[in-house]
Amino acid sequence: MSTRQFFVGGNWKLNPTSLSKAKELVEVLNKAELDPKTEVVISPPALYLLPIQAAVTNKQILVSAQNSFYKESGAYTGEISASQIKEAGLPYVILGHSERRTIFHETNEVVALKTRAALDAGLKVILCIGETLAQRESGETAKVCEEQLSAVVKQIKAEEWSNIVIAYEPVWAIGTGKVATTAQAQETHVDVRAYLAKAVTSLVASETRILYGGSVNAANAKDLAAQQDIDGFLVGGASLKPEFIDIINARK
């Protein structure tokens, strides 16, 4: 088993539908017994970031923004800058989520610029990568992941990778109920690590945490968590359910 600290993030997307519901979820987490060896991050919608941060009393739980822009200020209505997130006391931001890449058509270069800006602002980044079903079926998974990472590699220094957590999210396995087999997930994580060793350094490759994010639930979390190169999960729908605690404790 890897010595890298385990990491579990809950991405609430546009859910829950009310602040009171979000606070109920936080209260459950506040009272839960969580594996002390696991870093836990929850990522609510932007409007809920500050009240949720105030509601968290369990010091093991951190709060992350779901997105940020690469400009610090200007006429960019609706965007949140990385410096604003940092000023609010939030340590993490999710960037390059597959839904932003596919629905909003964010390019690899835009994701890289956002990553650069977030690091410059003092944030840590949960950097998402992953392929579509067509790309998986045509054998392009490793190529796609490398291309997405390559744009980021060009923007940052080797020592800055300590502030990045990679989340491998196969697009075809997000919110579909489908999940990559344990072998498929592990294989892709190995490929990502091999690319980092080649493109950055072997030390970065061995120390960077790589999460799996594709319909993770309590039923499959333990098998996935047992894999040498899977260092945690970025959890979607299951993070809104009691089983999120079981996922956090998958290595306990």
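Numbers here are sequence positions counted from 1.
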Task: Members besides Leu234 in its Ile/Leu/Val/Met/Phe/Trp/Tyr cluster (side-chain heavy atoms under 4.5 Å) - done: Phe7, Val41, Leu62, Tyr92, Ile94, Ile126, Val165, Leu211
- [ ] Under 4.5 Å between side-chain heavy atoms, chaining through other members, with only Ile, Leu, Val, Met, Phe, Trp and Tyr counted: pull out the rest of the cluster around Val171, sorted by chain and number.
- [x] none
Please set out all donor-acceptor pairs under 3.5 angstrom arising from side-chain atoms of residues 111-123, sequence neighbours excluded.
from, atom 1, to, atom 2, distance (Å)
Lys114, NZ, Asn67, OD1, 3.0
Lys114, NZ, Glu106, OE2, 2.5
Thr115, OG1, Val111, O, 2.8
Arg116, NE, Asp120, OD1, 3.1
Arg116, NE, Asp120, OD2, 3.4
Arg116, NH1, Gln155, O, 2.9
Arg116, NH1, Glu160, OE1, 3.0
Arg116, NH1, Glu160, OE2, 3.4
Arg116, NH2, Asp120, OD1, 2.7
Arg116, NH2, Glu160, OE2, 2.5

Heavy atoms of other groups near [X] [atom1], more than 12 under 6.0 Å:
X: Lys252; atom1: NZ; value: yes
X: Ile103; atom1: CD1; value: yes
X: Lys222; atom1: NZ; value: yes
X: Lys71; atom1: NZ; value: no

Task: Qualifying salt bridge (Lys or Arg N to Asp or Glu O under 4.0 Å) pairs with a residue from residues 229-240, counting only residues at least two apart or across chains - done: Arg4-Asp231, Arg193-Asp229, Arg193-Asp231
Task: Pairs satisfying salt bridge (Lys or Arg N to Asp or Glu O under 4.0 Å), at least one member in residues 30-41, at least two apart - done: Glu27-Lys31, Glu39-Arg209
Pairs satisfying ring pair (Phe, Tyr, Trp, His ring centres under 6.0 Å), at least one member in [range], at least two apart:
range: residues 121-145; answer: none
range: residues 171-194; answer: Tyr168-His189
range: residues 232-252; answer: Phe6-Phe233
range: residues 144-165; answer: none

Shortest non-hydrogen contact from [X] to [Y]?
X: Asn30; Y: Asn58; value: OD1-N, 3.2 Å
X: Leu240; Y: Pro16; value: CD2-CD, 4.3 Å
X: Val8; Y: Ile247; value: CG2-O, 4.1 Å
X: Tyr212; Y: Ala173; value: OH-CB, 4.0 Å
X: Glu140; Y: Ser138; value: OE1-OG, 2.7 Å

For the pair [X] (side chain) and [Y] (backbone), establish whether a donor and an acceptor sit closer than 3.5 Å, ignoring hydrogens and angles.
X: Thr208; Y: Ala205; result: no
X: Gln148; Y: Gly130; result: yes
X: Gln66; Y: Ser43; result: yes

Open item on the list: If the condition is side-chain hydrogen bond (donor to acceptor under 3.5 Å, both in side chains), which residues does Ser202 pass it with, not counting sequence neighbours?
Closed with: none
- [ ] Walk me through it: do Ile129 and Val152 pass the test side-chain contact (heavy atoms from CB on, under 4.5 Å)?
- [x] CA-CA 11 Å; Ile129 60 172; Val152 176; over 6 Å; no
Is the shortest side-chain heavy-atom distance between [X] and [Y] below 4.5 Å?
X: Asn220; Y: Asp223; value: no
X: Val235; Y: Asn217; value: no
X: Asp191; Y: Cys145; value: no
X: Arg251; Y: Thr38; value: no
X: Pro91; Y: Lys124; value: no
X: Ile166; Y: Leu149; value: yes
X: Leu49; Y: Pro44; value: yes
X: Asn163; Y: Ile156; value: no

- [ ] Please identify each residue that fulfils side-chain contact (heavy atoms from CB on, under 4.5 Å) with Lys198, with sequence neighbours left out.
- [x] Glu146, Tyr195
TODO: Identify whether Val125 and Val110 are in the same connected component of the hydrophobic contact network (ILVMFWY, side-chain heavy atoms under 4.5 Å).
DONE: no
Task: Path from Leu127 to Val144 over hydrophobic side-chain contacts below 4.5 Å - done: no
Could you give the side-chain donor-acceptor pairs of residues 72-82 under 3.5 Å, partners two or more places apart or in another chain?
from, atom 1, to, atom 2, distance (Å)
Ser81, OG, Ser83, OG, 3.0
Ser81, OG, Gln84, N, 3.1
Ser81, OG, Gln84, OE1, 3.4

Open item on the list: Within this structure, what is the OG-CD1 distance for the pair Ser239 and Ile245, rounded to the nearest 0.5 Å?
Closed with: 11.5 Å
Task: From CD1 (Ile52) to CH2 (Trp12), nearest 0.5 Å - done: 5.0 Å
